[in-house]
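Structure first, then comments.
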2 protein chains.
Amino acid sequence: MQEERRKFTRESADERKRALINATLELVADKGVRGATVRGIAERAQVTQGLIRHYFSSKEDLITAAFEYHMTQMTDQTFAPAASVTDSARARLRVFVKSSLEPPVVDPRSIALWAGFLNKVQHDAQMKATHERTYVYFRDQLEALIRAALEEAGIAAAPERLYQLATACNALIDGLWMEGGALPEAFAPGELPQIGLTSVGAIIGLPLEP
Amino acid sequence: MQEERRKFTRESADERKRALINATLELVADKGVRGATVRGIAERAQVTQGLIRHYFSSKEDLITAAFEYHMTQMTDQTFAPAASVTDSARARLRVFVKSSLEPPVVDPRSIALWAGFLNKVQHDAQMKATHERTYVYFRDQLEALIRAALEEAGIAAAPERLYQLATACNALIDGLWMEGGALPEAFAPGELPQIGLTSVGAIIGLPLEP
DNA sequence: AAGCTAATTATACACTTGCATAATTAAGCC
DNA sequence: GGCTTAATTATGCAAGTGTATAATTAGCTT
């Protein structure tokens, strides 16, 4: 009987918040925001529900924090691969398109999270702002990459045309991302990046394929 | 006191079902499937909640019916405009792309519904089947239009290439649809169809703009 | 006009939800 | 080693959830 088990162990605030946020994201992906109950989240994070209120002032607060975390993570995953490429502007654009259309960016969970959060995004001002900021950032990065690649190839493009090219390529990538995530079995591995590279190349008038 | 008001009026089964389904779609778009409660739906349809059980065996059943109805309606809205065009294959493709990127297809409500239903689609086999069928149908129609337009222009394309072109154009349209619905104020009226036509033309190598 | 039947409402129930508040207890400090 | 305090659990509550069942009643038939 000297086996006196601790009833719980204390963790740092960051550790606990991270665990709660991860549990929240899993549940939002699986059941949506309303299906992610405080009891369910607590269970997945291996704590009791009362603890959530200790770290977050409300469920709303936790959801918002989880959303911000997720968006940051998505952005990082998308931009990290291209940032390390220094060969040429064309190569950088190539890597950017490719990594946007591969796991872990393309993933059923990502789509589920996007869909799960959309309601809140449309109603909550702060989340709406975060969402728009992320979209604009992505689009602008893509525009910069396209501009550099075209300049490098000696192709001139007016700002308005550049804007349209970036919007179109952004939509193409988003569409492939969505379809790859929503219908995973419909595409062979490597198919999405290949179609993406060919099509972005066609849109901007500069072949990207190796 | 001779003003004896009826406490309720009887309606045909079809009328009531339609009202309940419309109320369901409104609520799903606004709050998601879990936010669309039977009480909320009944209120919007101007009936008491018990009536839902009289026409649908469960909430699940009502949700499924609403989803089927919505998908059919979306498909009809998308394909009706192009069906009446007989000028040329190119004109038909042009109208198809254009009408896919205008209201009422492009609409915040459409996106909200798509997002609201996605969870169920990923978990419910029947809804998953409906979703995939709609996607494949859309893609195949687009592929047929592209093939006809290319043939008409005397451009040969292997089946595999045709498949890739259709997948890419489909993704582009879906991406623009998504962005137009999720960020309505980010695009001027007519901007999405214009970008769509230019880009589809670039992808398939056959200009579509008037 | 009376009766019948299905459409509709009314009521109830067990369960879940987010949140608040009180009761424990782990772990650093002297 | 005892004290202290914040982290954590335990308990409770009012409101909302889907569903089942009983009670009404509109509108048709004769």
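Order of the sequence lines sets the chain letters (A, B, ...), proteins ahead of strands, with each chain counted from 1.
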**Request:** Consider the side chain of A:Lys59, meaning its heavy atoms from C-beta on, and name the nucleotide among D:dT9, C:dC19, C:dT25 that approaches it most closely.
**Result:** C:dC19

**Request:** Send over the distance from A:His54 NE2 to C:dA26 C1', rounded to a whole Å.
**Result:** 13 Å

**Request:** Quick one: closest heavy-atom pair of B:Leu101 and B:Leu192, and the distance?
**Result:** CD1-O, 3.6 Å

**Message:** Applying a 4.0 Å non-hydrogen cut-off, can you work out what A:Thr37 is touching in the nucleic acid: base, sugar-phosphate, or nothing?
**Reply:** sugar-phosphate

**Side chains of A:Glu209 and A:Thr198, donor plus acceptor under 3.5 Å** = yes

**Item:** Atom pair distance, as rounded to whole Å: CZ in A:Phe56 and C1' in C:dC19
**Value:** 16 Å

**Prompt:** Will you find, in the side chains of B:Gln194 and A:Gln164, an N or O donor that is under 3.5 Å from an N or O acceptor?
**Reply:** yes

**d(CD1, A:Ile41; C1', C:dC19) in whole Å** = 14 Å

**Request:** Starting from P on D:dG16, measure out to CD on B:Gln49 and report it in whole angstrom.
**Result:** 13 Å

**Request:** Could you check how far CD of A:Glu43 sits from P of C:dT17, rounded to whole Å?
**Result:** 11 Å

**Request:** Assess whether one donor atom and one acceptor atom, taken from the side chain of A:Arg10 and the base of D:dA6, lie less than 3.5 Å apart.
**Result:** yes

**Prompt:** Is B:Arg39 touching bases, backbone alone, or none of the nucleic acid, heavy atoms closer than 4.0 Å?
**Reply:** base

**Asked** For the pair made of CG in B:Leu51 and P in C:dA6, what is the distance, rounded to whole Å?
**Response** 15 Å

**Asked** Counting side-chain heavy atoms from C-beta on, which of C:dA20, D:dT25, D:dT9 comes nearest to A:Arg53?
**Response** C:dA20

**Message:** If I take atom CD in residue A:Glu15 and atom C1' in nucleotide D:dA7, what distance separates them, rounded to the nearest angstrom?
**Reply:** 15 Å

**Prompt:** Can you check the B:Glu11 CD to C:dT8 P distance for me, whole Å?
**Reply:** 7 Å

**Prompt:** Which residue lies toward the 5' end of DNA chain D, B:Thr9 or A:Ile52, if each is placed at its nearest nucleotide?
**Reply:** A:Ile52

